[in-house]
Amino acid sequence: MSENVDTDLPVAAIQSSALSKRAPRDPVSLIGTISLSLIAFAFAFPIAWAALTSLKSTSSVIATRYPLTVWSFFPPHPTLENYVFLFNELKLGRHLLNTAIASSGQVLLVVITSTLAGYAFARLRFPGREGLFALTLLTAFIPLEVILVPLYQVVSGMGLTSTYAALFLPFAAQPFGIYLMRQSFRQIPPELDDAARVDGAGTWRIFWRIAMPNVRPALATLVLIQFIWSWNAYLWPLVIMQDPDKQIVQVMLAGLKGSPNYSLDGPLFAGLTFVTVPLVVMAILLQRYYVRGLMTSGIR
Amino acid sequence: MANVNVRKLVKSFGDATVLRGIDVDVRDGEFLSLVGPSGCGKSTLLRMIAGLEPISAGDIVIDGKVVNGLAAKDRDIAMVFQNYALYPHMTVRENMSFALEMRGLSKAEIAASVASAAAILGLEALLDRYPRQMSGGQQQRVAMGRAIVRDPKVFLFDEPLSNLDAKLRVQMRTEIKDLHARLGSTIIYVTHDQLEAMTMADRIVVMRAGVIEQIGTPLDLYDRPGNSFVGSFIGSPAMNLVRCTVAGGDTGPVCVTAGNQILARLPVTKQVAAGATVDVGIRPEDLEVGASGPHAQVVVVEPTGPETQVTASLDGQIVRLVVKGRSSLNRGDKISLRTDSEKLHIFDAETGTRI
């Protein structure tokens, strides 16, 4: 008899928990879903509008602006002419490549400096470590606008004006990146370092073989944030890049808006839509890393 | 396999000295256990032997060679950590291969060593799993596998069983002891659990506050504790320490409790002046319920099956006795305590030293 009771109980518990999962949502979660949908719509709407507008001819963009009808949003006669114009006449491909070079350089350098400095601040013992880290963090509070002129003078003095390196070299060390990686390295249990030392690994090997693989989520976040930051850069490239052929795509697109002779709204929207694509792709590719929790097991 | 000699070892962190002149000789093939309460310095000592903690003064000698300045990787030791410290991003096979890879062994040699260590511990089926895919017991076994695969001179264990549940702990205890018997390796094993040390070790080093209180075989420490700390630390339930005054009785000196009851006759071999205050150590199994003797009142009765542990109040001092089999005692019962004076351990009340 008692055996029956024992076996029945867990089954009943499982069934009831399964049932509760299938039960209709409670009002609170319904409100949550509706709010999130509204927020998502508010964020997605301008991008979707820009994407749809990019399929209109410039004259159609201007003609359908007033009065507001459904054709203000949807293209009456979808066309790819803006994209053709962008790539053929405005050499968008060239400018995209310039941006890609600047962003890759930026991401690569920041990953190298942030992981090395972050690891040192997190794991190595040396005098002045905390003070140096605080100083590093302080630099995060200096806006680019404040140092724009001296930075220009330094880079110019190095003879780097209008070079690709000038686009990313001044931002090779990022306090945010160093902070992010330091926090992440600190999460790794120190026993892993001890175990690796006993196993025969030196500091460099511990960094490369043990620490780095365990900070992949933070690394993905760093790559993504740096890529977005650098992909969207505007002010510095505008100042330092004086060769129009090497100018990045954002500055080139901003130039379209100020075109004095005729409106380029169609190509502008097409350009804006196109430069958003790499960011979306990056976000989708890396999201599984940065949403995943750090360091699941191996340590109790 | 190797001897390990620790000579006058000192460790300080700033102003705080955590080890004060430690001397231990671990013999080739010996299973030596370091026990003591938290903060006694046992783990620090182990980490210093491992090369993970610098030495403030003294020497560590492994296999006849002073290793003070030698990095952990050059000491030919293997360590098993309390939280296993398995590399989370590596499979069991990779975890076990890592040290061999660092030594520059060929792939074939590594595969052979891993296979043989896996066979010793029954890990063959787990080789392609990640640590997160295994239970605590399995992770623990892999941590041992990672140590065995290197065939080191000395194995160091830092409280390896403390994260396991009670049942698994007993099982792993047996396995480690069996492993030691099969491999014949030198093992230094840190634990705060005296039962682990008693059941596994050839010799035990009892530490407190950075000094060694006593070194001996488990039964040596149990039968002849050098001081009241060792007496109460080794053995479960712990030894009773009853504060008494020595008085001259009709048949020789006796121990008188705070309530003026005669606890027992002093053993004839003990030379204690009348009027001296002593701590009388009585193992719970050496204390019985008798027809006459000092009176105590039962506070708690704890049946464990084969025996019953009875806690009683003797003139305000708590004493425990172990009664074989079942007991009909209840809370509040008045009992008389009886003990064999030859089984008493007498300690100086002030210094704690055995008399």
Side-chain angles (χ1 to χ4, degrees), chain A residues 111 115 118-119 122-131 181 183-223 286 288-300, chain B residues 43 46-47 49-54 71-92 94-105 129-140 142-143 146-147 149-150 152 154-156 158 160 162-164:
Chain A
V111 163
T115 49
Y119 185 78
R123 293 299 239 232
L124 306 183
R125 290 182 211 167
F126 55 91
R129 184 176 78 163
E130 299 308 314
M181 294 319 297
Q183 294 310 96
S184 199
F185 282 124
R186 276 162 68 115
Q187 304 243 338
I188 301 174
E191 288 84 354
L192 288 191
D193 291 22
D194 289 344
R197 279 165 72 188
V198 170
D199 274 350
T203 306
W204 174 251
R205 292 234 204 197
I206 294 173
F207 168 75
W208 189 243
R209 295 281 310 267
I210 308 298
M212 283 297 275
N214 285 303
V215 294
R216 272 183 291 201
L219 209 54
T221 310
L222 181 65
V223 167
L286 295 179
R288 73 186 184 97
Y289 283 108
Y290 67 76
V291 296
R292 193 203 288 161
L294 257 155
M295 299 295 296
T296 36
S297 197
I299 286 288
R300 294 218 121 194
Chain B
S43 282
L46 195 76
R47 288 175 61 80
I49 297 171
L52 296 172
E53 227 30 275
K73 64 189 170 88
D74 301 320
R75 296 191 181 192
D76 201 6
I77 44 105
M79 189 156 172
V80 178
F81 295 84
Q82 181 174 3
N83 53 17
Y84 322 138
L86 298 177
Y87 310 124
H89 58 292
M90 295 186 191
T91 61
V92 169
E94 289 163 346
N95 262 284
M96 290 170 72
S97 307
F98 186 71
L100 304 179
E101 226 177 280
M102 292 292 111
R103 275 193 202 169
L105 261 62
R129 288 210 201 162
Y130 285 93
R132 62 176 175 274
Q133 298 169 319
M134 294 184 293
S135 69
Q138 288 170 328
Q139 291 188 29
Q140 187 3 273
V142 173
R146 192 170 64 174
V149 78
R150 298 177 34 196
V154 184
F155 285 94
L156 306 177
D158 190 5
S162 52
N163 282 335
L164 300 178

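Values in this document were obtained by computation on a predicted structure and should not be read as measured data. Letters A, B, ... mirror the listed sequences (proteins, then strands); counts begin at 1.
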Pick one of side chain, backbone, both or neither for B:Ala147, based on which atoms fall under 4.5 Å of a heavy atom in chain A. neither
Need one label for B:Arg150: side chain, backbone, both or neither, based on atoms under 4.5 Å from any heavy atom in chain A.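 The side chain, not the backbone.
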Heavy-atom donor-acceptor pair, B:Arg146 side chain to B:Tyr84 backbone, under 3.5 Å: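 Checked: pair present.
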Is the backbone N or O of B:Asn163 less than 3.5 Å from a side-chain atom of B:Gln82, with the two atoms forming a donor-acceptor pair by type? no
Atom CZ of A:Arg123 with >12 non-hydrogen neighbours under 6.0 angstrom: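 Yes, because the 6.0 Å sphere around CZ of A:Arg123 holds more than 12 heavy atoms from other groups.
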Tell me, out of B:Lys73, B:Arg103, B:Arg47, B:Arg75, who's got the most heavy-atom pairs with chain A below 4.5 Å. B:Lys73
A:Leu219 versus A:Ser184: any side-chain heavy-atom pair under 4.5 Å? no
Between A:Arg205 and chain B, with a heavy-atom cut-off of 4.5 Å, which part of the residue counts as in contact: side chain, backbone, both or neither?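 Contact with chain B is through the side chain of A:Arg205 alone.
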